[in-house]
Amino acid sequence: NIFVDDVQSSQISTDKDGVFFGTIPNIDDGTHTLYAQEKDGKKSISKTISFAVDTRSPTLDDFKISPKGTVEKGAVLSITLASEAKLEKAQVTIGKDDYLLTEKSPGNYSSSFSAPDIPGEYSVDVILVDKIGNDSKFLSQEKLTVIPKKDSLPPFPRNVKANATDEGIE
């Protein structure tokens, strides 16, 4: 007999070496325990093992980028997102560059990095992977337009006085 969470789940047979195998139907997502008990004889019980079932891919519950829209090349971008806690990977892709986000509090991930150096239109994609390997891709969460940096000139001089002399302007 196979017990899942202390409830008999199924009956299976063993081979001549005492190895059993089978399918345990309809197990919900979550953490479970499993053990085997002899059907006849001494009624010995196997060691209990714990396992997790996770059939759901991570969701993207919130996403923010600042600044958004049009930015100068090299501008500092801040990204935050919300999903399930303890993801194996929370990643943002802008063009061909990947940026990993760090979990700052349960389910909240963030990072800051520079906008691309090449002006153009960029799609901001999000990739989330949970501990069991379920992954989700959220394409084009934002569009980012990167423009060249504006040339910064020194301020125009004001209140400048010049005197013209025979030797030039002073």
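All heavy atoms count here, side chains included; hydrogens, waters and symmetry mates do not. Keep in mind the model is a prediction, meaning the values are calculated, not measured.
Here the straight-line distance linking atom CD1 of I79 with atom OG of S110 works out to 10.0 Å at 0.5 Å rounding. Atom CG of L101 sits about 9.0 Å away from atom CD of Q91, to the nearest 0.5 Å. Note: H32 NE2 to I24 CD1 = 10.0 Å, rounded to the nearest 0.5 Å. Note: L87 CG to D135 CG = 11.0 Å, rounded to the nearest 0.5 Å. Distance check, rounded to the nearest 0.5 Å: NZ of K47 to OG1 of T33 gives 15.5 Å. To the nearest 0.5 Å, atoms NZ (K143) and OH (Y122) are separated by 12.5 Å.
Between L77 and S114, the closest side-chain pair of non-hydrogen atoms is not below 4.5 Å. Proximity of L139 to S123: side-chain heavy atoms (C-beta onward) are nowhere separated by under 4.5 Å. Using a 4.5 Å cut-off on side-chain heavy atoms (C-beta onward), V4 and Y35 make no contact. Here the side chains of F51 and L34 are in contact, with some heavy-atom distance below 4.5 Å. You'll find the side chain of V53 stays beyond 4.5 Å of the side chain of T31, heavy atoms only. No side-chain heavy atom of V71 sits under 4.5 Å from any side-chain heavy atom of I147. In this structure, the side chains of L81 and D62 stay at 4.5 Å or more apart for every pair of heavy atoms.
The neighbour count for N26 CG, taken as heavy atoms of other residues, nucleotides or ligands under 6.0 Å away, does not exceed 12. Heavy atoms of other residues, nucleotides or ligands lying less than 6.0 angstrom from CD1 of I49 number more than 12.
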I'd like to know whether V92 forms a side-chain contact (heavy atoms from CB on, under 4.5 Å) with D97, so could you lay out the CA-CA distance, the side-chain angles of the two residues, the decisive distance to 0.1 Å, and finally the verdict. CA-CA 8 Å; V92 172; D97 296 322; over 6 Å; no
Hey, mind stepping through Q141 and L60 against side-chain contact (heavy atoms from CB on, under 4.5 Å) and telling me if it holds? CA-CA 10 Å; Q141 289 303 298; L60 181 61; 3.5 Å; yes
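Counted by atom type alone, Q8 and N1 present one or more donor-acceptor pairs between their side chains at under 3.5 Å. With no hydrogens or angles considered, a side-chain donor-acceptor pair links S78 and S112 at under 3.5 Å. Side-chain N/O atoms of D61 and S83 include no donor and acceptor closer than 3.5 Å.
There is no path of hydrophobic side-chain contacts, each under 4.5 Å, that joins F3 to V7. Grouping the Ile, Leu, Val, Met, Phe, Trp and Tyr side chains by contacts below 4.5 angstrom, directly or via other members, places Y99 apart from I127. Hydrophobic clustering keeps Y109 apart from V129 (ILVMFWY residues linked when any side-chain heavy atoms are closer than 4.5 Å, directly or through intermediates).
Nearest heavy-atom pair across V124 and F63 is CG1-CZ, 3.7 Å. Taking all atoms of both residues into account, the shortest heavy-atom contact from T59 to L128 is O-CD1, 3.6 Å. Contact between A36 and I2 at its shortest, heavy atoms only, is CB-CD1, 3.8 Å. In terms of heavy atoms, D130 sits closest to E88 at O-CB, 3.6 Å. Closest of all the heavy-atom pairs between P67 and V76 is CD-O, 3.5 Å. Residue S9 comes nearest to P25 through the heavy atom pair OG-CD, 4.2 Å, listed as atom of the first residue, atom of the second, then distance.
Ion pair D54/R56 not flagged as a salt bridge, since none of the NZ, NE, NH1 or NH2 atoms sits closer than 4.0 Å to an Asp/Glu carboxylate oxygen.
In terms of modelled atom types and a separation under 3.5 Å, the side chain of D125 and the main chain of T93 share no donor-acceptor contact. Judged purely by atom type and a 3.5 angstrom limit, E103 has no side-chain atom pairing as donor or acceptor with the backbone of N108.
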